[in-house]
Amino acid sequence: MLVGRKREIELLNHVLQDDSSHFVAVYGRRRVGKTFLIRETCGYRFTFQHAGLSEGGMKEQLFAFVSSLKDAGYQLEHKPSNWLEAFEGLKDVIRQSHEKRKVVFIDELSWMDTQKCDLMVALENFWNGFASARKDVVLIVCASATSWMLSKVVHNKGGLYNRLTEQINLKPFTLRECEEYVQSAGMAFNRNQILQYYMIFGGVPFYWGFLKKGLSLSQNIDHVLFSKDAPLRDEFKYLYASVFKKPETYVRIIETLGTKKAGMTREELIEGSGIPNSGDLTTKLGELESCGFIRRYYAFGMKKKHAVYQLIDCFTLFHFQFLKNDPTDEHFWSNQINTPMVNTWMGLAFERVCMEHIDQIKMKLGISGVLTEVNSWYCKADPDKGIFGSQIDLLITRKDQVINLCEMKYSGSEYTITEKVDRSIRNKINDLVLKTGTKYAIYPTLITTYGMVDNSYAKNVQSVIVLDDLFA
């Protein structure tokens with residue numbers, strides 16, 4: 001059941017129907033549906049398909065590749081000793097094929113790139129010296145190790161430089177696409193329930209496939225995460241190990257960032273984790289960012305060197321909050337509804353969902369065509385200068401000299417701007433102006449689930465965005 005992905009399907013269909021050879025790279029985080037998209041769009045018909053092994057050295061990877069050549073109907077006379085020889089067998093598969101379009105799909109390419117092997121040399125030779133000289137080859141390579149794909153394939157500085165004809169960075173589903181999935185599966189969840197499941201798993205399609213008809217949302221969450229044989233109870237153990245070959249340091253970075261909601265500077269991360277300051281840390285932070293586990297942002301008005309790293313992966317944050325201590329209650333989630341712990345988590349999780357739907361927020365504000373920067377901002381209290389100390393999770397700084405200061409509030413009903421909330425917003429505006437000296441107009445903007453109670457304090461809010469707007 002292929003939901004959404006209209007642009008990606010259109011691109012792949014063009015590639016499959018064209019009369020020239022194409023080299024396509026598909027990348028994105030684990031479980032986002034890369035393999036499913038390719039197989040569904042190609043109708044599960046490939047001249048050759050292969051998936052790299054998650055474990056094993058060059059010997060094991062070559063053995064698996066040869067097995068895939070046999071599955072494609074080709075028998076090698078001699079066992080290949082390297083990738084150049086193995087790809088000669090792939091060339092023969094293509095030469096012998098009578099199909100109009102020779103579609104070659106190599107999944108988890110990064111796993112095949114073992115230490116001191118010649119995989120990329122062989123791939124370069126295959127494409128530059130053979131496939132690109134024909135008009136009927138479609139080569140699709142795919143991997144969950146996004147950073148590897150970016151450095152070795154997309155931004156390759158060697159023989160594959162500028163050789164890709166298409167690339168697809170497959171993103172997680174939006175709320176709207178998750179709603180389409182739920183409806184297509186015949187399940188009757190409302191938008192608030194879809195939001196709550198999104199708070200846990202984000203828009204990763206694989207996780208949405210575990211929802212069962214006939215169960216309530218709470219029963220589904222218990223079934224997927226907390227029951228005795230819950231299919232995703234141990235998902236965290238495999239989430240990073242499947243993307244990074246030596247995940248220990250990556251997990252330590254993630255665990256450290258998970259202790260501070262607003263994120264950490266590099267210096268704070270080093271101090272908190274005990275990881276040495278080195279180029280290796282820079283590389284690992286870049287890899288975690290490219291895979292969508294963390295984000296790097298620059299606080300409004302701060303110099304670019306003061307980057308802040310923030311953990312944003314929904315499932316990882318949920319794991320740290322509720323699964324890390326291995327709860328034994330098989331009905332844990334059903335029994336925790338409306339507890340302070342869950343309500344606090346929902347408030348924080350809603351903020352992350354909003355951050356994933358900036359395009360929808362801009363659309364509602366009528367500024368889709370306006371150049372913007374999305375920032376967070378913070379400052380410490382300084383009573384001598386009249387600064388209260390503020391943390392602003394979302395600022396949309398616009399080219400038309402307006403700043404939308406966004407307050408993101410999850411609520412089970414219409415949200416009430418109280419005197420305390422109104423004072424907090426005014427203090428934030430005060431701090432932002434005094435600390436940064438901005439001359440931009442600042443518009444308080446409320447993002448909430450069901451709208452706002454109309455009272456005297458509500459008059460200061462310039463724009464209100466509700467849950468339905470995030471489904472646009």
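Model, not experiment: these values are computed from the prediction.
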Ring center gap for W333 and F318 short of 6.0 angstrom: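 Ring centroids of W333 and F318 are less than 6.0 Å from each other.
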Heavy-atom distance under 4.5 Å between the side chains of [X] and [Y], does that happen here?
X    : Y    : value
E40  : R5   : no
V243 : Y250 : no
M264 : L257 : yes
N156 : R163 : no
W127 : S21  : yes
I312 : F293 : no

Side chain of [X], backbone of [Y]: donor and acceptor closer than 3.5 Å?
X    : Y    : answer
E177 : T174 : yes
S97  : V93  : no
D222 : S227 : no

Thinking salt bridges, do [X] and [Y] make one under a 4.0 Å N-O criterion?
X    : Y    : value
D136 : K102 : yes
R101 : D18  : no
D359 : K362 : no
E88  : K91  : yes

Result block: side-chain N/O donor-acceptor pairs under 3.5 angstrom for residues 54-64, not counting sequence neighbours:
unit_1: E60; atom_1: OE1; unit_2: G57; atom_2: N; d: 2.9
unit_1: Q61; atom_1: OE1; unit_2: L53; atom_2: N; d: 3.1
unit_1: Q61; atom_1: NE2; unit_2: L53; atom_2: O; d: 2.9
unit_1: Q61; atom_1: NE2; unit_2: W111; atom_2: O; d: 3.1

Working for side chain to side chain donor-acceptor pair (under 3.5 Å), residues R266 and T282: CA-CA 9 Å; R266 184 186 180 99; T282 302; 3.0 Å; yes
Audit row: E351, K261, salt bridge (charged side-chain N to carboxylate O under 4.0 Å, His left out) steps and yes/no: CA-CA 11 Å; E351 293 176 6; K261 171 200 164 195; 3.3 Å; yes
T445/Q462 under side chain to side chain donor-acceptor pair (under 3.5 Å): CA gap, chis, key distance, verdict: CA-CA 6 Å; T445 303; Q462 297 289 314; over 6 Å; no
Minimal non-hydrogen separation, K34 against C142, with atom names: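 K34 and C142 have their closest heavy atoms at CB-SG, 3.5 Å.
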